[in-house]
Amino acid sequence: MNKDNQILKQRREKAEALAALGVNLYSNSFKPANAIKDLLPKGKHLAPEAFDETRFTYTIAGRILSMRKFGKAAFCHIVDSSARIQVYVKMDTVGDEQYAAFKKWDIGDIVGIAGKLFKTQTGELSVQADTLTMISKSLRPLPEKWHGLTDVETRYRQRYVDLIVTPEARETFRKRVEIIRLTREYLNNRGFMEVETPMMQPVPGGATAKPFKTHHKALDMDLYLRIAPELYLKRLLVGGFEKVFEINRNFRNEGLSTRHNPEFTMLEFYQAYATYHDLMDLTEELISWLSQEVNGTMEIEYQGTKVNLAPPWNRLTMDEALVSVGGISPEVLTDPSKILDLAREKGIKLEEQAGPGKAKTELFELLVEERLINPTFITSYPTEVSPLARKNEENPEITDRFELFITGREIANAFSELNDPIDQRQRFVKQIEERGDDEEVHPVLDEDYVRALEYGMPSAAGEGIGIDRLVMLLTDSPSIRDVILFPHLKPETKGQEPEKKHNPGCPCSR
RNA sequence: GGGUCGUUAACUCAGUCGGUAGAGUAUCUGCCUUUUAAGCAGAGAGUCGCGCGUUCAAGUCGCGCACGACCCA
C-alpha cells in the first residue's frame, strides 16, 4: 500500500520518533529576533576560538542546507531570506535531551536557533546554539549539494525547490522585483499615475494576437483576456489623466518559446503632449539607470555578449538600418515593387494584399533585428504595420514610432499616438478587412474607443516595455522561464494514463 | 507544425557487442566535540518515462505515445 520510496519512509519514521520525544514538528511559537544578515557584520572583530559565554544571545530561524555531524557535536548551515550562517551544535552546550532530538534533524528542516556568535578555527563566523527549536520538519530530501538542481523541467515545475537550492534563481527573482519596484519609482517620481484597466475585455485590442476567450455566465457574454491594455490607457488620456502607466499581465494565446509565455508582464505608459522623441529619451534613461541600480554597471554581459547600456543610444530609421545593417541598396528602398521582389527573393512569404511597408518590416526582421546588439532605437515604421500610431506629418507612409532592440531582441515599442478618430476608424476597418478571415485574432472594431477619440484625446506618446525580456537582459537569463516564477508547462502525466478527452462519468466535465 | 537530442536510485550521472543494474551525493547503522563537497567502516535503495513489437533474452534494437531542451517555421 505504501509505494513511497525508502527515503520518504525514513523521514516519516524520524518525524514520528521526534514527535514521540514530545517535539512539536510544526511549532508556530518561535519568533526569530534577528535576520541572519544582521549578524554578519557583528562578528568582524571576533577572534577565532575566543568564545565568551557572556556574549549576547541572538535568535534566528531558517532552513538547514547542510549538516556535518560528529558524535557529540555538529555544524550546519542555515539560510533565511537574508543570508546564510553556520550553526555549531555541541552536546555539552545544548544538553543531552536537546541533542537527542537534534540527532533526528535533517537537511531541509526549518529550525529556530538561539545562541552566541563566535569564530571557528578556520575563521568562519558561526552561532553556537544554546537552544534548538523545530519549526517545520521536512519529509522530502533536497537535491544533491554539489551539483544542485540542474534539471530545468524540475526547476520550473517545482520552483520552490529551485529557490531553496539555487542561489542564482533567488538572485534573479530578487532582481526582477527590484526592477519592477524601481520602474514604478521612476515613473511615480515623474508624475505618472499607476492605474488598473480591465484584464477581461469584450473586444481584445491594442495589439495583434490571438486572445484567450472566457465566458461571463450571468451576462451570457464572451470576454477576452487582454492582449494589451493600450486602448483603455488612452481612454484615460481622453478622461484628462495626462501621465498614466500600468504594469501587469497580458495574455496571448500563442506558442511557447524561450521568449514567449502565454501570460507575460508588460509596462505601458502614456504621456500627453509628448512625442516619441521624448519617450526615447525617457527609455534610455530608465533602462540604463535600472541596470546601474540592479547590477551596479551599465556595461553588462548577456549570454557571453558584451552590451553597453550607457546613453546615448543609437537611433536609426528603418530605412537607414536596412541599408547600413541589412546591406540593402538605397535604390531598392525607394521603389515599392523592388522591395516586394527582394522580400520574395529572400524567401519571405507575403500575403496578397501586403504592401512595401509590410515587406520592409519583414526584411528588417530577417536581416537587421538580430544584429542590433547594443541598444538601438529604430524609427519611421511604415504606416502599414502601425495601426495605432500617428502618421508622420511630412510623410504619411511612415509613422512617428520606434522600437527598441537590445541583443537582437525587441524590448520596447512606442509611438506618438493617433488621436484623429476618423483616421483611426479607417485604419481599424482596413485592419479588419485584412484579417477578416482569421477568426482567432478576433478582429472587431472597438466602437467605444473610436467614440472616446471623438471626444478628443490630447496629443500624446505611449510605450510598451516587455518586463520579462528586460529582466532576462538584466539578469543574463537565457529563457523567459528563468524570470517567471511559475512558467506555463504542460501538465505532468508521470505514472498516469494521459487525460482522456471524453469522460462522461466525471461530474466536473462541461 | 517539422527536425535533432534527452528521460536510468531522492539529486548529479555512467551503463561496452542485446546476456542478473553501477558510481558519487543524499539516506540508514557504527566510530568520531572546530567541520565546511568533514572523515573512516558497513548497509539499504530502481516500474531503466509509458506502451507495443523483434528476440531464447531488451536499459540497450524497431515503432508509437508523453514530457522536456535546442534548432527551424
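Chain naming here is simple, since letters A, B, ... match the order of the sequence lines and numbering starts at 1 in each.
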Rounded interatomic separation in angstrom, taking [atom1] from [X] and [atom2] from [N]:
X: A:L366; N: B:rA73; atom1: CG; atom2: C1'; value: 13 Å
X: A:K103; N: B:rC32; atom1: NZ; atom2: P; value: 9 Å
X: A:E370; N: B:rC72; atom1: CD; atom2: P; value: 9 Å
X: A:L142; N: B:rA9; atom1: CG; atom2: P; value: 18 Å
X: A:M67; N: B:rU33; atom1: CE; atom2: P; value: 17 Å
X: A:Y88; N: B:rU34; atom1: OH; atom2: P; value: 5 Å
X: A:K69; N: B:rA26; atom1: NZ; atom2: C1'; value: 13 Å

- Query: So, A:H260 and A:S257: side-chain donor and acceptor under 3.5 Å apart, yes or no?
  - Reply: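 Side-chain D/A pair, A:H260 to A:S257: present.
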- Are A:Q303 and A:D476 close enough that a side-chain donor and a side-chain acceptor fall under 3.5 Å?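 There is such a pair (donor and acceptor under 3.5 Å, judged by atom type) between the side chains of A:Q303 and A:D476.
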Counting just side-chain N and O atoms, does [X] come under 4.0 Å of either OP1 or OP2 of [N]?
X: A:N5; N: B:rA45; result: no
X: A:K490; N: B:rC67; result: yes
X: A:R481; N: B:rA69; result: yes

- Message: Need the pair for B:rA69. Rule: Watson-Crick or G-U wobble, both distances under 3.5 Å, any strand; none if unpaired.
- Response: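 Check on B:rA69: paired to B:rU4, both distances under 3.5 Å.
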- Item | Nucleotide opposite B:rU29 in a Watson-Crick or G-U pair, distances under 3.5 Å |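 The answer is B:rA41, by the H-bond criterion.
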- B:rU35 base / A:Q86 side chain donor-acceptor hit below 3.5 Å: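 Present.
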- Task: List the steps and the verdict of salt bridge (Lys or Arg N to Asp or Glu O under 4.0 Å) for A:D80 and A:R63.
- Result: CA-CA 7 Å; A:D80 71 8; A:R63 191 186 293 273; over 6 Å; no
Measuring from the side chain of [X] (C-beta onward, heavy atoms only), which nucleotide among [options] has the closest atom?
X: A:E153; options: B:rG24, B:rG68, B:rU33; value: B:rG68
X: A:P141; options: B:rA37, B:rA26, B:rG68; value: B:rA26
X: A:I107; options: B:rG68, B:rC11, B:rA26; value: B:rA26
X: A:I7; options: B:rA69, B:rA26, B:rU35; value: B:rA26
X: A:V152; options: B:rU33, B:rA69, B:rC28; value: B:rA69
X: A:T120; options: B:rU33, B:rG68, B:rU35; value: B:rU35
X: A:E124; options: B:rG68, B:rU35, B:rU12; value: B:rU35

- Sole candidate of A:K69, A:E124, A:R68 that passes side-chain contact (heavy atoms from CB on, under 4.5 Å) when paired with A:F75: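 So the option named by the test is A:R68.
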- State the syn/anti category of B:rC65 according to its glycosidic angle, syn meaning within 90° of 0.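 Anti conformation for B:rC65.
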- Sugar-phosphate, base or nothing in reach of A:R84, heavy atoms under 4.0 Å: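 A:R84: no heavy atom of the nucleic acid under 4.0 Å.
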- Using a cut-off of 4.0 Å on non-hydrogen atoms, how would the nucleic acid contact of A:G148 be classed: base, sugar-phosphate, or nothing?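 It contacts sugar-phosphate atoms only.
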- Message: For A:F486 together with A:Y160, are the ring centres under 6.0 Å from each other?
- Response: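 No, too far apart.
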